[in-house]
Amino acid sequence: MSITVKNATQAEVTLDTDTVDTIAILEADAATSTRPTRAKVTWVQEDQGEWIAGYGGYFGGSVDKRDGRFVASDTFGLVVGEFASLEEAQTKLEDQLHVMLPSVIRPVE
């Protein structure tokens, strides 16, 4: 025994220009075979014992030297960790930024 069901229901959807643009961008991103390059992280020593991270042109966080240790804080002011060296703290913060702020990924010039 077989049952045939005919459903002639159609739905009409109207999309605004912003939605159409967003869909086009998402489709273009999905079609891209290579991952974009991560945003560039720049470091500036703001003060004695304080380094500021720039991430793709935005504030990315900071590393502060406290009692001989280096404390990394992210763009929201949350502590990422405490490290023995400046290089360790900066590397950990950079890795965290690439995960936290993927929408900031831009080509590096």
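Starting from 1, each residue takes its place in the sequence as its number. Keep in mind the model is a prediction, meaning the values are calculated, not measured.
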Novice: Between W43 and E94, is any pair of side-chain heavy atoms under 4.5 Å apart?
Specialist: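 In short, these two side chains touch, coming nearer than 4.5 Å.
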Novice: Compare every heavy atom of A89 with every heavy atom of A72, then report the nearest pair and how far apart it is.
Specialist: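 For A72 versus A89, the nearest heavy atoms are CB-O, 3.8 Å.
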Novice: With a 4.5 Å heavy-atom cut-off, do H98 and V41 have their side chains touching?
Specialist: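 In short, these two side chains touch, coming nearer than 4.5 Å.
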Novice: Please determine whether residues V44 and V71 belong to a single hydrophobic cluster, defined as Ile, Leu, Val, Met, Phe, Trp and Tyr linked transitively by side-chain heavy-atom distances below 4.5 Å.
Specialist: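 No, because V44 and V71 fall into different hydrophobic clusters, even though each may have its own neighbours under 4.5 Å.
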Novice: Give, for atom CG of D47 and atom OG of S62, the distance between the pair rounded to the nearest 0.5 Å.
Specialist: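 Separation between the atoms: 11.5 Å.
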Novice: Are any of the side-chain heavy atoms of K65 and W51 separated by less than 4.5 Å?
Specialist: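 Contact flag for K65/W51 side chains = yes.
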Novice: In the single-linkage hydrophobic clustering (I, L, V, M, F, W, Y; side-chain heavy atoms under 4.5 Å), do L93 and L86 co-cluster?
Specialist: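 Yes, one cluster joins them.
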Novice: Kindly say whether G77 contributes a backbone atom to a donor-acceptor pair with the side chain of D74 at under 3.5 angstrom?
Specialist: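 Such a contact is found between D74 side chain and G77 backbone.
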Novice: Looking only at heavy atoms, what is the nearest atom pair of Y55 and L97, with distance?
Specialist: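 Y55 and L97 have their closest heavy atoms at OH-O, 3.7 Å.
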Novice: Which pairs of donor and acceptor atoms, one on a side chain in residues 78-85, lie under 3.5 Å apart (sequence neighbours left out)?
Specialist:
{"residue": "E82", "atom": "OE2", "partner": "R69", "partner atom": "NE", "Å": "3.3"}
{"residue": "S85", "atom": "OG", "partner": "E88", "partner atom": "N", "Å": "3.1"}
{"residue": "S85", "atom": "OG", "partner": "E88", "partner atom": "OE1", "Å": "3.2"}

Novice: Do F70 and D64 have side-chain heavy atoms sitting under 4.5 Å apart?
Specialist: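 Counting from C-beta outward, F70 and D64 never come under 4.5 Å.
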